Participant: 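I'd like to ask some things about the structure below.
All of these numbers come straight from a predicted model, not from anything done at the bench.
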Amino acid sequence: MLAKRIIPCLDIKNGQTVKGTNFVNLREAGDPVELGQLYSDQGADELVYLDITASHEGRKTFTDLVKRIAACINIPFTVGGGIHELSDVERLLGAGADKVSVNSSAIRNPQLIDDIARHFGSQVCVVAIDARQTSEGWKCYLNGGRIETDKTLFDWAHEANERGAGEILFTSMNHDGVKNGYANEALATLSDKLTIPIIASGGAGNKQHFKDAFEIGKADAALAASVFHFGEIPIPELKAYLHAEGINVRI
């Protein structure tokens, strides 16, 4: 059985790592290169960097940052934000990223998933989905959770799977930054419906939450931000706990 992965997520705004609650109230959490190096040294399996206010003007800045990250860490990392076409993917992979994450751009243009998979391989294409549980079920959102769409979580994830996505990164907006645990029921449904790995995001507050995401949610990886950035759960301690609980992790 493949080892379960622990993935710190670094949201980048103006060159700094930030973290909020329910996608708002951002606060600074440190230098993204230094944090990435720390997590790499501590035993993180992968990293995700998201340019959360990606704009046309900011792309060059983010590309330079990706080059600095690649020079300092020796674990795979994914980058996302402002990726609209194959040239964006090529630029970021050329700067040293291992995978790219597409979210709003893939909802607006689903063909982008097919194109990335065909040109660079499915393993490069992570489809990130920000979804909120509403009275009508799980609805997908655009632009960092600002705009509701007519797409539903399970249908859109299935379509992304069919189009060639290598992984789904599912963030529950209801759970983001609240630290009450992941959306395990939705995660388990995704795991049952899809043939590709699922990364759980949104809700980690203690070590048991990671265990639950793997056992109840059947997630392949668990992503978190503030519990790592602010030193609440050291990665070596988390992995030792999971290992002791019978979860297959890379120590």
Participant: For V127 and V102: C-alpha separation, side-chain torsions, deciding distance, then whether side chain to side chain contact (heavy atoms under 4.5 Å, CB included) applies.
Facilitator: CA-CA 5 Å; V127 173; V102 290; 4.2 Å; yes
Participant: What's the shortest heavy-atom distance between F210 and A222, and which atoms?
Facilitator: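 Nearest pair, atom of F210 first, then A222: CD2-CB, 3.6 Å.
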Participant: Salt bridge (charged side-chain N to carboxylate O under 4.0 Å, His left out): which pairs involve residues 65-84, sequence neighbours left out?
Facilitator: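 Qualifying pairs, neighbours excluded: D31-R68.
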Participant: Is the number of heavy atoms from other residues, nucleotides or ligands within 6.0 Å of CD (E185) greater than 12?
Facilitator: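 No, the 6.0 Å shell around CD holds no more than 12 heavy atoms from other groups.
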Participant: Considering only heavy atoms from C-beta outward, does the side chain of D51 approach that of V79 to under 4.5 Å?
Facilitator: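 Not touching, per the 4.5 Å side-chain cut-off.
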Participant: Going hydrophobic residue to hydrophobic residue with side-chain gaps under 4.5 angstrom, can you get from I198 over to I216?
Facilitator: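 No.
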Participant: Do any N or O atoms from the side chain of T149 and from the backbone of C140 form a donor-acceptor pair under 3.5 angstrom?
Facilitator: yes
Participant: Before you tell me yes or no, could you show the steps for E215 and E245 under side chain to side chain contact (heavy atoms under 4.5 Å, CB included), namely the whole-Å CA-CA distance, both residues' side-chain angles and the distance that decides it to 0.1 Å?
Facilitator: CA-CA 11 Å; E215 290 189 339; E245 291 290 323; 5.7 Å; no
Participant: What residues, two or more places apart in sequence or in another chain, satisfy side-chain hydrogen bond (donor to acceptor under 3.5 Å, both in side chains) together with Y49?
Facilitator: none
Participant: Answer yes or no: does atom CD of Q16 have more than 12 heavy-atom neighbours from other residues, nucleotides or ligands under 6.0 Å?
Facilitator: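 Enclosed.
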Participant: Would you mind listing every side-chain hydrogen bond (donor to acceptor under 3.5 Å, both in side chains) that reaches into residues 105-119, with sequence neighbours excluded?
Facilitator: R108-N143, Q111-D115, D114-R163, D115-R118
Participant: For residues C9 and L50, report the shortest heavy-atom separation together with the two atoms involved.
Facilitator: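 Closest heavy-atom pair between C9 and L50: SG-CD1, 4.0 Å.
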Participant: Tell me every residue that passes side-chain hydrogen bond (donor to acceptor under 3.5 Å, both in side chains) with N161, counting only those two or more places apart in sequence or in another chain.
Facilitator: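 N161 satisfies side-chain hydrogen bond (donor to acceptor under 3.5 Å, both in side chains) with T195 once adjacent residues are dropped.
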Participant: Do you know the tightest heavy-atom contact between K4 and D45?
Facilitator: O-OD2, 3.9 Å
Participant: Just grab all the salt bridge (charged side-chain N to carboxylate O under 4.0 Å, His left out) pairs involving residues 187-207, residues at least two apart or on different chains.
Facilitator: D192-K218, K207-E237
Participant: Which pair of heavy atoms, one from P8 and one from I235, lies closest together, and at what distance?
Facilitator: CG-CD1, 3.7 Å
Participant: Just grab all the side-chain hydrogen bond (donor to acceptor under 3.5 Å, both in side chains) pairs involving residues 72-82, residues at least two apart or on different chains.
Facilitator: S40-N74
Participant: Going through the distances and angles, do F77 and I75 end up as a side chain to side chain contact (heavy atoms under 4.5 Å, CB included)?
Facilitator: CA-CA 6 Å; F77 70 99; I75 57 174; 5.9 Å; no
Participant: Start with the C-alpha gap between E136 and T134, add the side-chain angles, then the distance that decides, and say whether side-chain hydrogen bond (donor to acceptor under 3.5 Å, both in side chains) holds.
Facilitator: CA-CA 5 Å; E136 301 166 12; T134 71; 5.0 Å; no
Participant: Side chains of T17 and H229, heavy atoms from C-beta outward: is any pair under 4.5 Å?
Facilitator: yes
Participant: Using the six-membered ring wherever Trp is involved, compare the ring planes of W138 and H175 and label them parallel, tilted or perpendicular (cut-offs 30° and 60°).
Facilitator: parallel
Participant: Would you say the side chain of F228 lies within less than 4.5 Å of the side chain of L35, judging by non-hydrogen atoms?
Facilitator: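 No; the side chains remain at least 4.5 Å from each other.
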Participant: Would a single hydrophobic cluster contain both F214 and L2, if residues Ile, Leu, Val, Met, Phe, Trp and Tyr are joined by side-chain heavy-atom contacts under 4.5 Å?
Facilitator: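 No, it is not one cluster - the side chains of L2 and F214 are not joined through contacts under 4.5 Å.
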Participant: Which heavy atom of H158 sits nearest a heavy atom of L194, and at what distance?
Facilitator: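 What the structure gives for the nearest pair is CA-CD2, 3.6 Å.
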Participant: If we only count heavy atoms from C-beta on, is the L65 to P32 side-chain gap below 4.5 Å?
Facilitator: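 Heavy-atom side-chain distance check passes, below 4.5 Å.
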Participant: Quick check: do L169 and N103 have side-chain heavy atoms less than 4.5 Å from each other?
Facilitator: no
Participant: Grab the two heavy atoms, one from R132 and one from Y141, that are nearest each other, plus how far apart they are.
Facilitator: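 That closest heavy-atom pairing would be CB-CE1, 3.6 Å.
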